[in-house]
Student: 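The structure that follows is given in the form of structure tokens.
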Amino acid sequence: EKKEWEENKRGEKQKEEKKKKKEKKKRKKRKEKKEKKRRRKKKKNKIKRKKYLKKKKKNILIIGGNSLIGQEVIKLSNSNGDNVIATSRSTIDLPLENFIQLDPNEDLSGLDALPDSIDALLYCPGSISLKSIQRLDIADVKEDLRINFEGAFHVIKKVLPNLKKDNGASVVFISSVAANTGLTFHSSIAASKSALEGFARSLSAELAPKVAVNCIAPSLTKTPLTEHLVADENKLKSSSERHPLNAIGDPIKIANFQK
């Protein structure tokens with residue numbers, strides 16, 4: 001009887017174990033099925049988002065569109081089918097549907113006509129006042145600050161509501177390598193661009209994650225502002241050799257980097 005009882009007990013235990021294994025198998029299958037469904041849904045949503053982003057026409061505001069870097073970004077954005085709104089103190093010799101002539105430090109009422117939502121803002125205005133400290137006047141420093149930093153401050157204050165309406169807007173300021181590298185005769189431009197970079201760092205923390213704020217700090221770049229620095233082959237060669245790539249900055253490459 002005892003032996004029979006033990007055998008029955010073992011049989012019941014085996015049945016219980018089989019039942020548990022079966023249940024475990026079922027749970028595993030249900031879990032795998034659920035996971036497959038979740039992955040399919042995620043993939044479908046990803047494809048939908050890609051299609052949406054591809055179709056979406058972006059509103060891009062370019063301040064200082066007459067600069068060479070600004071012009072290259074306008075061309076690139078136009079080729080992507082984006083809606084470009086460019087501003088400049090002088091007219092821009094490019095096909096543009098939306099152009100506003102203004103100074104970032106003066107009347108900004110022209111920006112009242114902007115779309116409700118802005119996807120990207122590029123601030124290009126810059127200056128290049130290369131003087132020794134003996135020749136530098138406080139008026140030079142104030143002017144550099146006015147162009148490079150104060151204008152950016154006024155524009156951001158004006159268009160921040162438009163940037164916040166977009167889901168993931170981006171702001172890019174054009175700075176200079178001079179802000180973080182000691183270069184002779186660059187004390188004024190270094191001070192103004194350092195102010196701009198400090199402003200950008202604080203803004204990036206303040207506006208995240210709604211608005212991304214960044215700076216691009218090129219070295220010497222071939223633009224009308226720097227023509228006198230690369231006016232002949234010797235100057236160009238000398239400037240190029242000071243860079244690891246043995247070449248000065250190219251506005252087209254900088255424009256593509258901002259893409």
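Keep in mind it's a predicted model, so treat the numbers as computed, not measured. Any value given below was found using the heavy atoms of this structure, including those in side chains, with hydrogens, waters and symmetry copies removed.
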Student: Are Leu203 and Ile118 connected in the hydrophobic side-chain network, where two residues link if heavy atoms are under 4.5 Å apart?
Tutor: yes

Student: To the nearest 0.5 Å, what is the distance between CG on Asn83 and CG on Asn59?
Tutor: 4.5 Å

Student: Without placing hydrogens or testing angles, list every side-chain donor-acceptor pair under 3.5 Å for residues 133-141, not counting sequence neighbours.
Tutor:
residue: Gln134; atom: OE1; partner: Ser132; partner atom: OG; Å: 3.4
residue: Asp137; atom: OD2; partner: Ala139; partner atom: N; Å: 3.0
residue: Asp140; atom: OD1; partner: Lys131; partner atom: NZ; Å: 3.3
residue: Asp140; atom: OD2; partner: Lys131; partner atom: NZ; Å: 3.1
residue: Asp140; atom: OD2; partner: Asp137; partner atom: N; Å: 3.0

Student: List the residues meeting salt bridge (charged side-chain N to carboxylate O under 4.0 Å, His left out) with Glu150, not counting sequence neighbours, and say none if there are none.
Tutor: none

Student: We want to know whether Asn148 and Ser127 form a side-chain donor-acceptor pair, criterion being a heavy-atom distance below 3.5 angstrom.
Tutor: yes

Student: Quick one: pull up OG in Ser192 and CD in Glu143 and give me the separation to the nearest 0.5 Å.
Tutor: 10.5 Å

Student: Decide if atom NZ of Lys210 counts as having more than 12 heavy atoms of other residues, nucleotides or ligands within a radius under 6.0 Å.
Tutor: yes

Student: Any idea how Phe173 and Phe199 line up, ring-wise: parallel (<30°), tilted (30 to 60°), or perpendicular (>60°)?
Tutor: tilted

Student: Nearest heavy-atom pair of Lys164 and Leu207: which atoms, and what distance?
Tutor: CE-CD2, 4.1 Å

Student: Between Ala178 and Ala190, what is the shortest heavy-atom contact and its length?
Tutor: O-CB, 3.4 Å

Student: Rounded to the nearest 0.5 Å, what's the gap from CG on Leu196 to OG on Ser176? Could you check?
Tutor: 10.5 Å

Student: Compare every heavy atom of Asn78 with every heavy atom of Pro95, then report the nearest pair and how far apart it is.
Tutor: O-ND2, 3.7 Å

Student: What's the spacing between Phe149 CZ and Asn105 CG if we round to 0.5 Å?
Tutor: 10.5 Å

Student: Identify whether Ile74 and Val172 are in the same connected component of the hydrophobic contact network (ILVMFWY, side-chain heavy atoms under 4.5 Å).
Tutor: yes

Student: Does CZ in Arg39 sit with more than 12 non-hydrogen atoms of other residues, nucleotides or ligands closer than 6.0 Å?
Tutor: no

Student: Using every non-hydrogen atom in the two residues, find where Glu197 and Ala179 come nearest and quote the distance to one decimal.
Tutor: OE2-CB, 3.6 Å

Student: Sorted by first residue and then second, give each side-chain hydrogen bond (donor to acceptor under 3.5 Å, both in side chains) pair with at least one member in residues 16-33; sequence neighbours left out.
Tutor: none

Student: Please check this pair: side chain of Asp82 against backbone of Val84, looking for a donor-acceptor N/O pair closer than 3.5 Å.
Tutor: no

Student: Below 4.5 Å, heavy atoms only, C-beta onward: do Leu102 and Leu108 meet side chain to side chain?
Tutor: yes

Student: For the residue pair Pro125 and Lys193, what are the closest heavy atoms and their distance?
Tutor: O-NZ, 3.8 Å

Student: Is there a path of hydrophobic side-chain contacts, each under 4.5 Å between heavy atoms, that joins Ile147 and Leu130?
Tutor: no

Student: Could you measure the distance from the OG atom of Ser67 to the CD1 atom of Ile92? Nearest 0.5 Å is fine.
Tutor: 8.5 Å

Student: Donor-acceptor pairs under 3.5 angstrom involving side-chain atoms of residues 151-163: please list them, not counting sequence neighbours.
Tutor:
residue: Lys158; atom: NZ; partner: Asp112; partner atom: OD1; Å: 2.6
residue: Asn162; atom: ND2; partner: Pro115; partner atom: O; Å: 2.9

Student: Could you point out which residue of Ile174, Ile63, Val171 forms a side-chain contact (heavy atoms from CB on, under 4.5 Å) with Leu122?
Tutor: Ile174

Student: Should Ile60 and Ile100 be regarded as members of a common hydrophobic cluster, given that ILVMFWY residues are connected when their side-chain heavy atoms come within less than 4.5 Å of each other, either directly or indirectly?
Tutor: no

Student: Strictly by side-chain hydrogen bond (donor to acceptor under 3.5 Å, both in side chains), give each pair with a member in residues 84-95 just once, sequence neighbours left out.
Tutor: Asn66-Ser90

Student: Rounded to the nearest 0.5 Å, what separates atom CD1 in Ile85 from atom CG in Leu114?
Tutor: 6.0 Å

Student: How would you list, by chain and number, every residue that makes a salt bridge (charged side-chain N to carboxylate O under 4.0 Å, His left out) with Glu106, sequence neighbours excluded?
Tutor: none

Student: Under a single-linkage definition using a 4.5 Å side-chain heavy-atom cutoff for Ile, Leu, Val, Met, Phe, Trp and Tyr, are Phe185 and Ile189 assigned to the same hydrophobic cluster?
Tutor: no

